[in-house]
2 protein chains.
Amino acid sequence: MARPSKKEHLVETAVKLFGRDGFHATGIDKILQEAGVARMTLYKHFRSKDELILAALRRRDEQFRIWFKSAIEKTGGTPAERLLASFDALDEWFAGRAFAGVPFTGCSFINATAEFSEANHPVHQLAAEHKRLILEYLRLLASSAGARDSDGLAWAISLLHEGAIVTAQVSSDIHAGQGAKEIARIVMAQHGIDVSTKSLENEDAY
Amino acid sequence: MARPSKKEHLVETAVKLFGRDGFHATGIDKILQEAGVARMTLYKHFRSKDELILAALRRRDEQFRIWFKSAIEKTGGTPAERLLASFDALDEWFAGRAFAGVPFTGCSFINATAEFSEANHPVHQLAAEHKRLILEYLRLLASSAGARDSDGLAWAISLLHEGAIVTAQVSSDIHAGQGAKEIARIVMAQHGIDVSTKSLENEDAY
DNA sequence: ATAAAAATAGAACGATCAGTATATATATCA
DNA sequence: TGATATATATACTGATCGTTCTATTTTTAT
């Protein structure tokens with residue numbers, strides 16, 4: 001069959017099923033069946049289920065960060081506006097409009113630490129790394145936005161992201177991002193960034 | 001044996017193991033062995049594993065809310081101070097000092113929605129109800145504190161809680177509560193509540 | 001065309017899963 | 001003492017778990 005396909009398709013299927021049903025609840029057989037791949041093909045590419053989990057999460061990390069940054073940057077605003085736009089992106093995700101109509105089932109990395117609680121487990125560490133990479137991106141935006149304490153602001157925005165994700169997940173609150181956005185506005189103002197609705201509209205207008 | 005014991009001990013063991021290792025990864029046999037209870041005793045009290053999960057989460061909801069409220073109220077401050085004290089309580093939890101030295105492994109209810117993603121699943125709904133009850137308590141505090149929009153403030157504090165919990169869990173950040181507390185101060189000020197460190201010290205002093 | 005590589009089907013592994021059956025023992029309370 | 005819970009141990013389902021083995025077929029590259 002097509003060379004770029006088998007292993008890749010296996011990982012993509014794993015991303016989908018692990019994300020929807022969880023890691024322990026998703027058996028190898030279900031992944032194989034859904035992907036239409038033979039069992040030995042899996043074990044030719046991966047030593048174990050754990051390695052498939054890691055591969056799936058690495059793929060998800062790549063996939064998510066690419067989508068997230070592009071969703072933010074396509075708005076074409078200032079760094080301050082992009083920080084705020086990140087919350088609009090979250091709501092798109094919550095509404096199931098982010099990844100080819102796949103329903104929102106929470107953040108795969110938060111969910112991963114729920115099933116792998118030991119901090120030194122490779123899966124848990126991969127989740128922590130994913131969050132670190134996003135935090136780094138937010139730091140860049142916060143710094144470009146002229147925040148007094150860009151590290152502190154980025155950390156705060158990240159915490160608001162996590163809060164919105166969990167609120168959307170647990171309480172089925174599709175608009176949690178907008179609520180978090182208002183809090184972000186207050187925090188950004190405190191960091192010396194102008195976030196008045198007017199100035200934002202002026203940026204967009206004409 | 002002691003009447004108040006067998007079923008109760010089973011549920012408490014389930015709370016501990018489900019909380020630490022997750023729901024699907026924790027087999028019935030491990031719970032029975034750890035609790036020192038016969039298998040048939042479990043099925044005399046519970047129809048299925050799912051019902052044990054529900055019982056464990058109900059117990060955890062009770063246990064957690066009682067601890068949380070008492071940890072906040074023992075500070076004896078004003079309603080505004082209690083809202084801020086909630087973040088100190090979180091850090092106690094994160095440090096493993098809240099529940100008889102049991103290490104922090106995240107919020108069992110957030111973790112539950114990670115493993116039961118369907119919103120109408122009884123386990124997921126129980127998790128949502130738990131969060132609703134905490135939000136109700138925060139609304140009471142926000143209202144007593146004289147917040148302009150007590151619903152909005154309570155919602156914001158709740159979101160900061162979730163953000164702190166997830167940040168502590170994923171990134172092993174034991175002090176996430178203190179960071180969230182600073183954000184809460186800013187938000188509360190915006191809601192017309194005096195949260196200057198000075199006024200708080202004045203409340204405590206002497 | 002031929003050799004090497006990749007993917008296939010299918011059986012089997014031992015372990016564990018949730019749940020049931022049976023039969024014995026231990027309490028509780030009249 | 002005797003009747004009635006309640007708990008016990010143990011073995012047993014049938015299903016599924018992750019993983020390995022063997023042997024065959026298909027694809028790729030020379």
Side-chain angles (χ1 to χ4, degrees), chain A residues 1-58 111-112 114-118 121-124 126, chain B residues 1-58 111-112 114-118 121-124 126:
Chain A
M1 291 291 162
R3 256 291 276 46
S5 238
K6 283 299 173 190
K7 183 176 180 182
E8 203 63 25
H9 187 223
L10 209 42
V11 173
E12 299 242 10
T13 306
V15 166
K16 183 174 118 194
L17 295 185
F18 284 146
R20 191 188 62 192
D21 301 328
F23 299 93
H24 289 95
T26 301
I28 243 73
D29 287 347
K30 198 189 292 180
I31 297 173
L32 293 174
Q33 181 187 348
E34 182 97 356
V37 165
R39 168 143 49 263
M40 281 317 293
T41 306
L42 191 162
Y43 284 99
K44 223 108 209 182
H45 290 297
F46 305 98
R47 242 187 280 271
S48 64
K49 183 188 181 183
D50 265 43
E51 292 218 359
L52 176 60
I53 292 177
L54 288 171
L57 285 177
R58 276 189 279 263
N111 294 352
E115 294 202 49
F116 301 89
S117 66
E118 293 177 31
H121 190 292
V123 168
H124 194 125
L126 187 47
Chain B
M1 288 295 160
R3 257 295 276 42
S5 238
K6 282 298 173 190
K7 182 177 180 179
E8 202 63 25
H9 187 223
L10 210 42
V11 173
E12 299 242 11
T13 306
V15 166
K16 184 174 116 193
L17 294 185
F18 285 145
R20 191 189 61 191
D21 301 328
F23 300 94
H24 289 94
T26 302
I28 243 72
D29 288 344
K30 198 190 291 182
I31 297 174
L32 293 173
Q33 180 188 348
E34 181 98 355
V37 165
R39 164 140 52 265
M40 282 316 293
T41 304
L42 191 161
Y43 285 100
K44 222 107 208 180
H45 291 298
F46 304 98
R47 242 185 281 272
S48 63
K49 182 189 181 182
D50 264 44
E51 291 218 359
L52 177 60
I53 291 177
L54 288 170
L57 284 177
R58 276 189 279 263
N111 294 351
E115 293 202 48
F116 301 90
S117 66
E118 292 176 31
H121 190 291
V123 168
H124 194 125
L126 187 48

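Both backbone and side-chain heavy atoms feed into the values below; hydrogens, waters and symmetry mates do not. Numbers restart at 1 for each chain; the letters A, B, ... are given by sequence-line order, proteins then strands. All of these numbers come straight from a predicted model, not from anything done at the bench.
- The base-pairing partner of D:dA5, taking Watson-Crick or G-U wobble contacts with both distances under 3.5 Å, does not exist among the strands shown.
- Comparing D:dA9, C:dA9, D:dT19 against the side chain of A:Ser48 picks out D:dT19 as the nearest.
- Ranked by how close their nearest DNA chain D nucleotide is to the 5' end, B:Gly36 and A:Ala25 are led by B:Gly36.
- Comparing atom distances between the A:Tyr43 side chain and each of C:dA7, D:dG18, C:dG19 picks out D:dG18 as nearest.
- A glycosidic torsion no more than 90° from 0 defines the syn conformation, and D:dA5 adopts it.
- Contact check, B:Lys49 against C:dA18: a side-chain N or O comes under 4.0 Å of OP1 or OP2.
- Checked by distance alone, B:Arg39 brings a side-chain donor or acceptor within 3.5 Å of a matching partner on the base of C:dG19.
- Here D:dT8 presents its P atom at 11 Å from NE2 of B:His9, a figure rounded to the nearest Å.
- Taking 4.0 angstrom as the limit, A:His45 places a side-chain polar atom (N or O) nearer than this to OP1 or OP2 of C:dA7.
- Nearest nucleotide to the side chain of B:Lys6, out of D:dC17, C:dT8, D:dT8: D:dT8.
- Distance A:Met40 CE to C:dA12 P: 16 Å, rounded to the nearest Å.
- Side chain of A:Glu115 to main chain of A:His24: a donor-acceptor pair is present (N/O by atom type, distance under 3.5 Å, no hydrogens or angles).
- In this structure, B:Lys7 satisfies the cation-pi test against B:Phe46, with its NZ or CZ atom closer than 6.0 Å to the six-membered ring centre and inside 45 degrees of the ring normal.
- Between A:Thr41 and the phosphate of C:dA6, there is no side-chain N or O to OP1/OP2 separation shorter than 4.0 Å.
- Remark: P of C:dA15 and NE2 of A:His24 are 19 Å apart, rounded to the nearest angstrom.
- Side chain of A:Ser117 to main chain of B:Arg20: a donor-acceptor pair is present (N/O by atom type, distance under 3.5 Å, no hydrogens or angles).
- A straight line from CG of B:Leu32 to C1' of C:dT20 spans 14 Å, rounded to a whole angstrom.
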